[in-house]
Amino acid sequence: MTNEAKPQARTELPPQYAPADVESRRYAQWVADGRFAASEDSDKPAYTIVIPPPNVTGSLHLGHAQDHTVIDALTRRARMRGFEALWMPGMDHAGISTQNVVERNLADEGLSRHDLGREAFVERVWQWKNEYGGKISGQMRRLGDAVDWDRERFTMDEGLSRAVQTIFKRLYDDELIYRAERIINWCPRCMTALSDIEVEHTDDEGELVSIRYGDGDASIVVATTRAETMLGDTAVAVHPDDARYAHLVGTEVELPLTGRRIPVIADAHVDPEFGTGAVKVTPAHDPNDFEIGRRHDLPNLTVMDERGTVTAHGPFQGLDRFEARPAIVAALRADGRVVEEKRPYVHAVGHCERCKTTVEPRLSKQWFVKVGPLAKAAGDAVRDGRVRIHPPEQEKRYFSWVDNIHDWCISRQLWWGHRIPIWYGPDGEQVCVGPDETAPEGWRQDPDVLDTWFSSALWPFSTLGWPEDTASLRKFYPNTVLSTGYDILFFWVVRMMMFGMYAMDGTPPFKDVFLHGLIRDEDGKKMSKSRGNGVDPLDLMDAYGSDALRFFLARNTTPGGDLVVNDEWVQAARNFCNKLWNATRFALMSGATVEGPLPDDLSTTDRWILSRLARTVEEVDAQYERFEFAKMSAALYHFAWDEVCDWYLELSKPVLAEGGEAADRTRRVLGHVLDSLLRLLHPVVPFVTEELWLALTGGEERGDSVMVAAWPTPGETDPQAEATVAALQELVTEVRRFRSDQGLKPGQRVATRLSGLTEAGLAAHENLIRSLARLDEPGDDFTATATLAVTDHVTVRLDTRGNIDVAAERARLDKALAAARKELDGCTRKLGNEGFLAKAPEDVVAKIRQRQATAESDITRITAQLAALPAA
RNA sequence: GGGCGCUUAGCUCAGCGGUAGAGCACUGCUCUUACAAAGCAGGGGUCACUGGUUCGAAACCAGUAGCGCCCA
């Protein structure tokens, strides 16, 4: 290959970036080259993040895309910084939702899971998983996720199931798992127990009915929103100090409609201020009443079955709970028992997180984790700084939860999931069976399965081979960072903390927890399946490219902050990718190179851009450390667009056109700056940077990749070059503003005489100034028709040949004068204030004095210009 | 009911004691050979309200109003 041929080939980038031509090709190449694989045998320090396992039933939404962008950026950057970076992929089995989906499919065939039987049904779910579970991995490939696919895990895999059984057995043996009859949240539609946090509370319109129990002097009025539960009342409770009812405590009243007599009891938990101060007690159908019942040895009378159908004998038997309510109120009314009815009465009602059905508190025998000691350890790990939560404000939520935690109901009346490893003997014995143990002959296994979060809680180490002492586990545990939305802090993060520390000898599962916000639609509403306002990330990627979506997400990801989706912003991110594309295209056309060391004796503008690059590297590193993705992205956006493209490339054009050694040096600096910029951007926008970096460096033939290029380190800053270029920018901008105000066409060149450049330190840059401001040298017939005094030093005389719009110029100067006067007034007022002079720090006073002086000279200069204007 | 947080330009947000900022949107002029998915220039804010602290408050304190989230 000849030297001439190569640069020629390198200029052949099309004028627009076409993501579709690049993305799938690059991703396939990365996978083929094994770029994502992490090795436990590596000498490099480990950097580990596990994917928050998506539900196998679903597909990724924008919230996942945001989370994946963050994780991918962190791990890609870690890899470039020399870490053995592992991003662990996988999915969870999503017990309730998956079972629901498959049951719905069965229903279409007119079948229920009971028609199939347990074994066949579970087989059916596996079939479904194998058929449809692939959608998510396809989405991840489109997003560019650099996950180690060879390590992909599923919570129902054999190894992970073994981990579940192992930890269950350990917790059971440590008496941290127990079975008890309690009031739990029951979903009558899913027909299973739910944990507290799987219940969503909303303010719903209901009714408040006041009912008189007993008769005459021995009557007492109670209020309820759930009249149908009165069939199961076993007491009426009042506060012990409530004088109104003191005479009734210890007596019995007749329960309407049933003829049963129930006691009036005194309990300190009754609020005498609420309603009549007397409450009906239904221990089998309300958690608070259950506690009262326990304290007073009341019978638990269950009057509804697991479908929410009334089972109490009598006229209401067989009615659904929502039919029974009006029927019972009507009967009470007919009986003269209803004292008052409030309708609508707004109160908090619990709903099943998965299907939104109203949750029924139900007395039943379930398995629980005793979380007290586990939560204590999890809280301490954050309190003593072993685990840091970003942003720190979220720590309060974390603490309030681990400090006030309730035992965790882990059994679910489902078939899809990890079956509880407890076996019952013929005489009521029970045994917990470990992974390599078998239950005694003839014993029966508990029919229930475990909450999905029980297995998700093991994710940071079960995916690495635990309970085996694997090399992977030793290398990659604890994880470095855990990134997820703040909405699942309790669902998942706390539980990983509890189980991780329990299983791994007190070592927390990760060092940093990064919590980002939720995605909202354009109206600011939270995106959710039930609202139907979700956006498919694939649609946005199809329209604008993966990098555009990723850059948009990164640029709007703040610790704890929500993100509003707007098509125009994704478009703006797409435009940014195109800008990068064209900057590199220009560089290639200009012969930019990455070969050899940076030359000495660089020009001021070369030193300036290198100084700005150094500051950008520092800024990007600092923001990454703080998980400030928005600020990190903004720093790169600003550097790339405003400094490299808008100024450095424009400043380079005349130098490159000139040719010679100066041009060679600039070609080298240009190559260096773009090389560094592409590396810095790669973790966020992997595809376009790979394509451009390979083109710029010629790395394609070497089988190279920006993925494994070293992360830039900050170079020297050059304050002197920065000051000079700042002055140059001010001068050029001032001339451009004048031109624009005067209505001069952008391309129109204007003969101009510049004076005072030497004093301003800009003498060496006159040709650059002329190039950027489109100013020609004055000819023989030069006549200054307008004068600009830009700073104290520089005067610009322009020959606009009578085209001067005096009114426009006067308006502009008047405005500038007003601003300068306002500034002068402010400064003078401050400096005339003795309190300010006496108490303000010296540097502040000096700064104000400086500003006062500048304002004064501005006023003098502008006033002179105004005076020099021809009369209107 | 308890707790936490928010209120700054049309939108989304940054700034958290010392000249009110960014991106997008908007207006004007331009196809100036990297890019019209662009360039250049510009307009736009009593920093929710009321008090207080301070030489100085968007920022600190107290209260008010509205909004949001979490937990019960």
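The sequence lines fix the lettering, A, B, ..., with proteins before strands; numbering per chain opens at 1.
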Next item on the list: Determine, for nucleotides 33-39 of chain B in 5'-to-3' order, which nucleotides have protein heavy atoms under 4.0 Å from the base (write B), from only the sugar-phosphate (write S), or from neither (write -).
Entry: -BB-BSB
Check: Reading nucleotides 8-13 of chain B from the 5' end, what letters show protein touch, with B for base, S for backbone sugar-phosphate only, - for no heavy atom under 4.0 Å?
Finding: ----S-
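Comparing the same atom, P, in B/G42 and in B/C24 gives a spacing of 16 Å after rounding to whole Å. Across B/G17 and B/C40, the matching P atoms stand 34 Å from one another, rounded to whole Å. Here the separation of B/A72 from B/G63, taken at their P atoms, is 27 Å to the nearest Å. Nucleotides B/G52 and B/G45 have their C1' atoms positioned 25 Å apart, rounded to a whole Å. Going from the P atom of B/C31 to that of B/A37 covers 15 Å, rounded to whole Å. If you take atom P in B/C71 and the same atom in B/A59, they sit 32 Å apart, rounded to whole Å. The separation of B/G56 from B/G39, taken at their P atoms, amounts to 45 Å, rounded to a whole angstrom. Comparing the P positions of B/C47 and B/G23 gives an interatomic distance of 22 Å, to the nearest angstrom.
Rounded to whole Å, the distance from NZ on A/Lys822 to C1' on B/A20 is 10 Å. If you measure from atom CG of A/Asn833 to atom P of B/G18, you get 17 Å, rounded to the nearest angstrom. Nucleotide B/U19 holds its C1' atom 15 Å from the CG atom of A/Asp843, rounded to whole Å. Remark: P of B/G42 and CD of A/Gln742 are 14 Å apart, rounded to the nearest angstrom. A straight line from NE2 of A/His638 to P of B/C24 spans 12 Å, rounded to a whole angstrom. Atom CD of A/Glu395 and atom P of B/C70 are 20 Å apart (whole Å). Rounding to whole angstrom units, CG of residue A/Asp403 and C1' of B/C71 are separated by 14 Å. A/Glu734 places its CD atom 13 Å from the C1' atom of B/G42, with the value rounded to the nearest Å.
At a threshold of 4.0 Å, the pair A/Arg226-A/Glu360 counts as salt-bridged, since one of the basic side-chain nitrogens sits closer than that to a carboxylate oxygen. Salt-bridge annotation for A/Lys356 and A/Glu200: present, with a side-chain N of the basic residue lying under 4.0 Å from a carboxylate O of the acidic one. Under 4.0 Å is where a charged nitrogen must lie from a carboxylate oxygen, and between A/Asp858 and A/Arg861 at least one such pair does. Salt-bridge formation is detected for the pair A/Glu734/A/Arg737: a Lys NZ or Arg NE/NH1/NH2 atom is positioned less than 4.0 Å from an Asp or Glu carboxylate oxygen. For A/Arg612 and A/Asp642, the salt-bridge test fails: no basic side-chain N is under 4.0 Å from an acidic carboxylate O.
By the 30° and 60° cut-offs, the orientation of the rings of A/Phe627 relative to A/Phe514 is parallel. Ring planes of A/Trp453 and A/Phe491: tilted class, angle from 30 to 60°. Aromatic ring pairs are classed by plane angle as parallel below 30°, tilted from 30° to 60° and perpendicular above 60°; the pair A/Phe576 and A/Phe551 is parallel.
Contacts of A/Lys631 with the nucleic acid, taken as non-hydrogen atoms under 4.0 Å apart, involve only primed sugar atoms and P, OP1 or OP2. In this structure, A/Ala838 reaches neither bases nor backbone, as no heavy-atom distance under 4.0 Å exists between it and the strands shown. Using a 4.0 Å heavy-atom cutoff across all strands shown, A/Arg739 reaches no nucleic acid atom at all.
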Margin query: Reading 5' to 3' and counting Watson-Crick or G-U wobble pairs with both distances under 3.5 Å, write the dot-bracket notation for RNA chain B, | for bases paired outside the strand.
Written below: ((((((((.[[[[.)..(..]]]].(((((.......))))).....[[[[[..)....]]]]]))))))).
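Contact annotation: A/Arg737 side-chain N/O to B/G42 OP1/OP2 distance is under 4.0 Å. Using a 4.0 Å cut-off, some side-chain N or O of A/Tyr637 falls inside it from OP1 or OP2 of B/C24. OP1 or OP2 of B/U30 has at least one side-chain nitrogen or oxygen of A/Lys745 nearer than 4.0 Å.
Side-chain proximity of A/Arg520 to the nucleotides B/C24, B/G68, B/G23 is greatest for B/G68.
Counting only N and O atoms by type, the side chains of A/Arg739 and A/Gln742 include no donor and acceptor under 3.5 Å apart. A donor atom on one side chain and an acceptor atom on the other are found under 3.5 Å apart for A/Asn582 and A/Arg585. Judged purely by distance below 3.5 Å, without hydrogens or angles, the side chains of A/Thr202 and A/His351 pair a donor atom with an acceptor atom. Looking at A/Asp606 and A/Thr666, their side chains do bring a donor and an acceptor atom within 3.5 Å of each other.
Remark: A/Arg495 is positioned above the aromatic ring of A/Trp408, its terminal NZ or CZ atom under 6.0 angstrom from the ring centre and at most 45 degrees off the axis.
Map A/Val199 and A/Ala840 each onto its nearest nucleotide of RNA chain B; the residue landing nearer the 5' end is A/Ala840. Across the interface with RNA chain B, nearest-nucleotide mapping of A/Glu834 and A/Arg736 shows A/Arg736 to be the residue nearer the 5′ end.
For the side-chain contact (heavy atoms from CB on, under 4.5 Å) with A/Ile389, the lone residue among A/Tyr486, A/Phe399, A/Tyr398 that qualifies is A/Tyr398.
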